[in-house]
Protein chains: 2
Amino acid sequence: MSRQLGSGRTTLPQQLAQVLRQRIREGHWSQTQRLPTEAELCAEFQVSRVTVRQALRTLESQGLITSRQGVGTFISVSDAMVHTGLQELKSITETIREMGLTPSMRFSLKKIRPATPDEAAEFPGNPGGDVLELRRTISADDVVVAYVHDVMPMWVFGDDFDVDDLTGSVFAHLGKHTDVVPRRAVSEIHACRGLPAEWAPFAEEPPAPETLFLLLDQMQFDHRNRPFMHTEAHFIEGRFTFMVVRLAPV
Amino acid sequence: MSRQLGSGRTTLPQQLAQVLRQRIREGHWSQTQRLPTEAELCAEFQVSRVTVRQALRTLESQGLITSRQGVGTFISVSDAMVHTGLQELKSITETIREMGLTPSMRFSLKKIRPATPDEAAEFPGNPGGDVLELRRTISADDVVVAYVHDVMPMWVFGDDFDVDDLTGSVFAHLGKHTDVVPRRAVSEIHACRGLPAEWAPFAEEPPAPETLFLLLDQMQFDHRNRPFMHTEAHFIEGRFTFMVVRLAPV
DNA sequence: GAGTGGTCTAGACCACTAA
DNA sequence: TAGTGGTCTAGACCACTCA
């Protein structure tokens with residue numbers, strides 16, 4: 001049997017990975033824990049082996065499958081739990097959704113202001129020199145999981161931007177109203193006790209002063225390699241599990 | 001000019017990435033911050049474009065370069081600092097060495113004992129049922145940075161193993177004396193206050209009870225997808241900076 | 001329009017595993 | 001020995017950037 005992949009905006013390996021991920025989730029191969037051979041996947045989806053292998057490598061880097069030379073390709077998570085690893089760049093709300101929870105978000109600050117000297121250096125080539133500062137509280141199933149502070153240069157939004165347009169996921173807004181496509185982020189990870197003092201005026205449900213946090217301090221870059229967003233996200237330890245799939249150097 | 005890559009145990013993209021990394025470090029292209037075109041790299045190293053692109057993708061995932069369609073490929077770190085990200089599987093000592101520091105290690109426990117029921121479930125197919133338990137303190141430039149607890153099934157080492165053989169890096173020992181090749185690891189990351197109580201008999205330079213740690217709790221798998229090592233590493237917050245390069249899904 | 005990176009193919013050969 | 005995944009090539013066409 002042969003199936004037709006679409007010819008849309010996404011790449012073939014991306015589409016194929018999506019289909020295979022779906023089948024794994026649905027338990028298509030749960031009896032044997034084994035996927036079809038690469039040749040069989042080529043035939044079914046009418047794509048080259050390189051394309052199949054790239055899709056499989058994506059799933060492997062997500063920890064879903066592993067291959068053994070001379071043997072085959074196997075599912076490496078037995079249950080339906082599909083963790084999204086930190087090595088993959090996704091919005092926080094999307095990550096929550098993939099965990100099967102319902103994300104929600106409350107903005108406690110949306111402010112356009114001049115960039116500080118540090119911010120001006122972080123975001124070179126920002127005509128006007130203004131930045132948008134956000135503070136928001138993110139919840140999963142109505143339980144607060146993170147306090148997030150973002151700074152973005154105003155070139156991202158263009159001239160006809162109204163801060164009230166920004167209501168839900170920042171990534172979703174970017175996709176709809178701008179040509180900024182997030183491509184990579186560089187994050188530092190820290191352990192941290194208590195929320196920084198500067199949060200005091202903004203945290204509407206302030207955590208206990210001794211609360212432990214995982215701090216993700218990250219700069220995000222778009223498809224043209226422009227830094228477009230600096231995020232400090234404080235995740236309450238224990239309410240959110242971070243995973244990383246680490247692979248040996250190619 | 002054409003250069004010959006070796007034909008050794010490593011793949012061509014791997015070798016090419018190594019050469020390019022070296023050149024970046026040496027500042028070959030620091031004037032323009034721009035690498036040769038893909039076609040030029042193909043010609044110089046006598047490899048196909050697919051090979052060149054795979055090497056470039058490796059460097060990109062390490063945060064060293066970025067490409068822009070229609071323009072070129074550019075160096076994305078200006079100074080000689082080369083961070084190794086968490087998304088890459090390396091031994092702790094190697095990571096320390098790449099930061100330009102000198103790693104050292106002190107074992108406070110090396111013990112062969114029967115596996116607990118949990119451990120037996122973690123390591124299926126372990127004839128004899130014994131595990132090697134390690135507790136070690138890792139230092140960088142003689143400053144303690146991490147407390148590490150490892151459990152490994154004894155099949156890893158074979159029959160002629162003497163615990164006294166194990167003196168330095170565990171990964172290095174595996175490479176020399178066994179056929180286990182680390183391939184991937186799945187890590188959970190947590191923030192944590194104080195060292196767990198079970199460390200008390202072993203921590204020779206115990207940290208203050210309120211010390212903040214980043215805990216990496218990881219299971220490592222070898223090239224045949226066998227789980228061979230469970231590691232709980234407590235890193236003292238601030239003495240070690242963890243970075244992750246996060247990429248948008250292919 | 002010239003040149004760059006982005007995507008995809010068909011096919012070759014090798015290394016490994018298991019029967 | 002047959003079948004699997006691992007590696008690599010040559011070449012095609014497209015999308016984007018910039019002069």
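Order of the sequence lines fixes the chain letters, A, B, ..., with proteins taken first and strands second; residue numbering starts at 1 for each chain.
Separating the CG atom of A:Asp179 from the P atom of D:dC16 is a distance of 12 Å, rounded to the nearest angstrom. Atom pair A:Arg183:CZ and D:dC16:P shows a separation of 14 Å (rounding to whole Å applied). Spacing between atom CD of A:Glu40 and atom C1' of D:dT4 amounts to 11 Å, rounded to whole angstrom units. To the nearest angstrom, P of D:dG6 lies 19 Å from CD of B:Gln15. Between the CZ atom of A:Arg57 and the P atom of C:dC8 there is a distance of 13 Å, given to the nearest Å. Note: CD (A:Gln54) to P (C:dG6) measures 12 Å, nearest angstrom. The interatomic distance linking A:Arg53 (CZ) with C:dC8 (C1') rounds to 15 Å, in whole Å. If you measure from atom CG of A:Leu59 to atom P of D:dG5, you get 14 Å, rounded to the nearest angstrom.
A donor-acceptor pair is defined here as one N or O able to donate and one able to accept, closer than 3.5 Å; no such pair exists between the side chain of B:Thr66 and the backbone of B:Ser76. Of the possible polar contacts, none joining the A:Asp118 side chain to the A:Glu122 backbone as a donor-acceptor pair under 3.5 Å is found.
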Give me the distances for all protein-to-nucleotides 15-19 of chain C N/O pairs that come in under 3.5 Å?
{"unit_1": "C:dA15", "atom_1": "N3", "unit_2": "A:Gln69", "atom_2": "NE2", "d": "2.9"}

Using a cut-off of under 3.5 Å, enumerate the N/O to N/O pairs linking the protein to nucleotides 9-12 of chain D.
{"unit_1": "D:dT9", "atom_1": "OP2", "unit_2": "B:Ser48", "atom_2": "N", "d": "3.0"}
{"unit_1": "D:dT9", "atom_1": "OP2", "unit_2": "B:Ser48", "atom_2": "OG", "d": "2.8"}
{"unit_1": "D:dT9", "atom_1": "OP2", "unit_2": "B:Thr51", "atom_2": "OG1", "d": "2.3"}
{"unit_1": "D:dA12", "atom_1": "N6", "unit_2": "B:Arg49", "atom_2": "NH1", "d": "3.3"}

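By the 4.0 Å N-to-carboxylate-O rule, A:Glu60 lies close enough to B:Arg183 to be salt-bridged with it. Contact check on B:Glu88 versus A:Arg246 returns no salt bridge, with no Lys/Arg side-chain nitrogen under 4.0 Å from an Asp/Glu carboxylate oxygen.
When all heavy atoms of B:Val71 and B:Arg34 are compared, the pair lying nearest together is O-NH2, 2.7 Å.
Using bins of under 30°, 30° to 60° and over 60° for the plane-to-plane angle, the ring pair A:Phe228/A:Phe171 lands in the tilted bin.
The aromatic ring centroids of A:Phe235 and A:Phe242 lie less than 6.0 Å from each other.
The environment of CD in A:Glu26 is crowded: more than 12 heavy-atom neighbours from other residues, nucleotides or ligands sit within 6.0 Å.
For B:Thr37 and C:dG3, the shortest distance from a side-chain N or O to OP1 or OP2 is not below 4.0 Å.
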N/O donor to acceptor pairs below 3.5 angstrom from side-chain atoms of residues 150-158 of chain A, sequence neighbours left out:
{"unit_1": "A:Asp150", "atom_1": "OD1", "unit_2": "A:Arg136", "atom_2": "NH2", "d": "3.4"}
{"unit_1": "A:Asp150", "atom_1": "OD1", "unit_2": "A:Thr231", "atom_2": "OG1", "d": "2.8"}
{"unit_1": "A:Asp150", "atom_1": "OD2", "unit_2": "A:Arg136", "atom_2": "NE", "d": "2.6"}
{"unit_1": "A:Asp150", "atom_1": "OD2", "unit_2": "A:Arg136", "atom_2": "NH2", "d": "3.1"}

